[in-house]
2 protein chains.
Amino acid sequence: MIQLYKDTIMTINIQIDFRSDNPVTNQIVEQIQHLLVNGELKPGDQLPTVRALATELRINFNTVARAYRILDETGVISTQQGRGTYILEQPPPEKSHQLKKESLNVIARRYLDEASRLGFSNTEAAEQIQLLIANH
Amino acid sequence: MIQLYKDTIMTINIQIDFRSDNPVTNQIVEQIQHLLVNGELKPGDQLPTVRALATELRINFNTVARAYRILDETGVISTQQGRGTYILEQPPPEKSHQLKKESLNVIARRYLDEASRLGFSNTEAAEQIQLLIANH
DNA sequence: TGTATCTTTGTATAATTGTATCATTGTATC
DNA sequence: GATACAATGATACAATTATACAAAGATACA
């Protein structure tokens with residue numbers, strides 16, 4: 001769970017080379033990753049809004065949004081409509097496969113338990129899972 | 001000395017996942033419905049004020065107000081300006097059943113989300129459920 | 001009691017922020 | 001040139017937040 005609130009709005013140091021073969025979107029992605037591994041961006045930090053950064057870089061805000069989305073999909077940041085974009089906590093060290101299996105077992109049991117308390121059979125609970133998967 | 005306006009401070013157990021595709025407003029609505037069908041909220045109970053819950057969840061109080069309004073419109077709660085928000089009488093059986101189905105949906109999605117965070121695909125998560133059922 | 005006043009509570013509306021979709025631009029290939 | 005594709009921009013939209021407001025409760029004082 002991430003706890004985020006607007007305390008400080010970040011200004012970040014990004015330089016775009018418009019003559020580069022590297023697309024602007026890529027440059028943004030790479031430079032934010034660079035700021036992150038260098039420790040200049042920390043978990044919980046709020047990035048500039050797509051419009052603010054776009055104005056600063058003199059590009060369209062959709063280009064910034066595209067870069068943010070890529071970073072979001074790789075789990076580096078969290079973009080939240082109406083709220084802003086934030087650096088995520090770094091993923092914890094990899095659990096062993098066995099440990100993950102056990103965790104899955106625990107949460108699966110919990111799901112069936114909760115469904116049971118709501119009055120649903122195991123079969124109905126399983127069907128609901130299938131339904132959700134089918135609708136995605 | 002200044003006296004407290006209310007001698008009971010209502011707290012409810014709601015967890016917001018800012019990374020979820022599900023909007024925060026929706027998450028609040030669903031989780032309050034879940035608390036209701038689970039019996040953790042009873043008719044007459046006062047919900048936290050929009051500002052109190054918003055502060056706790058680290059969101060804007062208008063987002064809570066929006067969720068409360070949705071629940072109000074579906075007849076689950078009663079919000080009264082200047083007074084607060086209260087759980088209404090238990091919904092009739094057919095509506096209760098509807099709410100329970102929605103609640104099942106909520107916990108099913110939560111299970112898939114958690115499994116995904118552990119690195120399991122939806123299919124693997126579903127198989128784990130089947131495995132548990134088969135071993136009973 | 002009654003009333004003035006402040007506090008608490010929800011409401012209304014505009015502003016902010018990211019998203020979705022299509023249009024435009026540039027470039028490579030033929 | 002023609003066509004296809006990738007990158008970027010423009011526009012409309014959805015979700016959340018900010019600000020100002022209205023209704024009801026609490027308190028003080030006559």
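The figures that follow rest on heavy atoms only: side chains count, while hydrogens, waters and symmetry mates do not. Here the structure is a predicted model, which means the values were calculated and not measured. Chain naming here is simple, since letters A, B, ... match the order of the sequence lines and numbering starts at 1 in each.
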- prompt: Rounded to the nearest Å, what distance is computed from the CG atom of residue A/Asn60 to the P atom of nucleotide C/dA20?
  reply: 16 Å
message: Given C/dG10, D/dA24, D/dT11, identify the nucleotide with an atom nearest to the side chain of B/Thr79.
response: C/dG10
field: Donor-acceptor pair under 3.5 Å, B/Arg51 side chain vs C/dG10 base
entry: yes
query: Any donor-acceptor pair under 3.5 Å between the side chain of B/Gln81 and the base of D/dA24?
result: no
message: In this structure, how many angstroms lie between the P atom of D/dT16 and the CD atom of A/Gln80, rounded?
response: 9 Å
task: Determine: side-chain N/O of B/Thr63 to OP1/OP2 of D/dA15, distance under 4.0 Å, yes or no.
output: no
Over 12 foreign heavy atoms within 6.0 Å of CG, B/Asn135: yes
field: Rounded distance [0.5 Å steps], CG in B/Asn105 versus CG in B/Leu99
entry: 12.5 Å
Whole angstrom value for the distance that separates C1' of C/dT17 from CG of A/Leu47: 13 Å
- request: Might you point out which heavy atoms bring B/Phe61 and B/Val50 nearest each other, and give the distance in Å?
  value: CB-O, 3.7 Å
task: Just grab all the ring pair (Phe, Tyr, Trp, His ring centres under 6.0 Å) pairs involving residues 98-134 of chain B, residues at least two apart or on different chains.
output: A/Tyr111-B/Tyr111
field: B/Arg19 CZ - C/dG18 P separation (whole Å)
entry: 18 Å
message: Tell me if the NZ atom of B/Lys101 is crowded by more than 12 foreign heavy atoms within 6.0 Å.
response: no
message: Please find the pair of heavy atoms, one from B/Leu36 and one from B/Ile87, that lie closest to each other, and give the distance.
response: CD1-CG2, 3.6 Å
- request: Select one nucleotide: of D/dT16, D/dT8, D/dA20, the one nearest the side-chain heavy atoms of B/Phe61.
  value: D/dA20
message: Does A/Tyr68 reach a base, just sugar-phosphate, or nothing at all? Heavy atoms under 4.0 Å.
response: nothing
query: For B/Thr85 and B/Pro48, which heavy atoms make the closest approach, and how far apart are they?
result: OG1-O, 3.9 Å
statement: DNA chain C in dot-bracket form (Watson-Crick or G-U pairs under 3.5 Å, [ ] crossing, | inter-strand) is ||||||||||||||||||||||||||||||
query: Which atoms form the tightest heavy-atom contact between A/Phe18 and A/Arg58, and what is the distance?
result: CZ-O, 4.3 Å
Using the 3.5 Å cut-off, write out each protein N or O paired with an N or O of nucleotides 21-23 of chain C and the distance between them.
none

task: May I have the distance from B/Ile16 (atom CD1) to D/dT17 (atom P), rounded to whole angstrom?
output: 10 Å
- prompt: So does B/Asp17 pair up with B/Arg117, basic N to acidic O under 4.0 Å?
  reply: yes
query: A/Arg83 has an atom CZ; how far is it from atom C1' of C/dG18, in whole Å?
result: 12 Å
query: Under 4.0 Å between a side-chain N or O of A/Thr25 and OP1 or OP2 of D/dA7?
result: no
field: Separation of atom CG in A/Leu53 from atom C1' in C/dT16, rounded to whole Å
entry: 16 Å
message: Just by distance, no angles: are the side chains of B/Gln98 and B/Glu94 close enough, under 3.5 Å, to form a donor-acceptor pair?
response: no
- prompt: According to a strict under-4.0 Å criterion, is B/Thr85 in side-chain N/O contact with OP1 or OP2 of C/dG10?
  reply: yes
Atom-pair distance (CG on B/Asp72; P on C/dT11), nearest Å: 7 Å
- prompt: Any idea which of D/dT17, C/dT19, D/dT8 is nearest the A/Pro23 side chain?
  reply: D/dT8
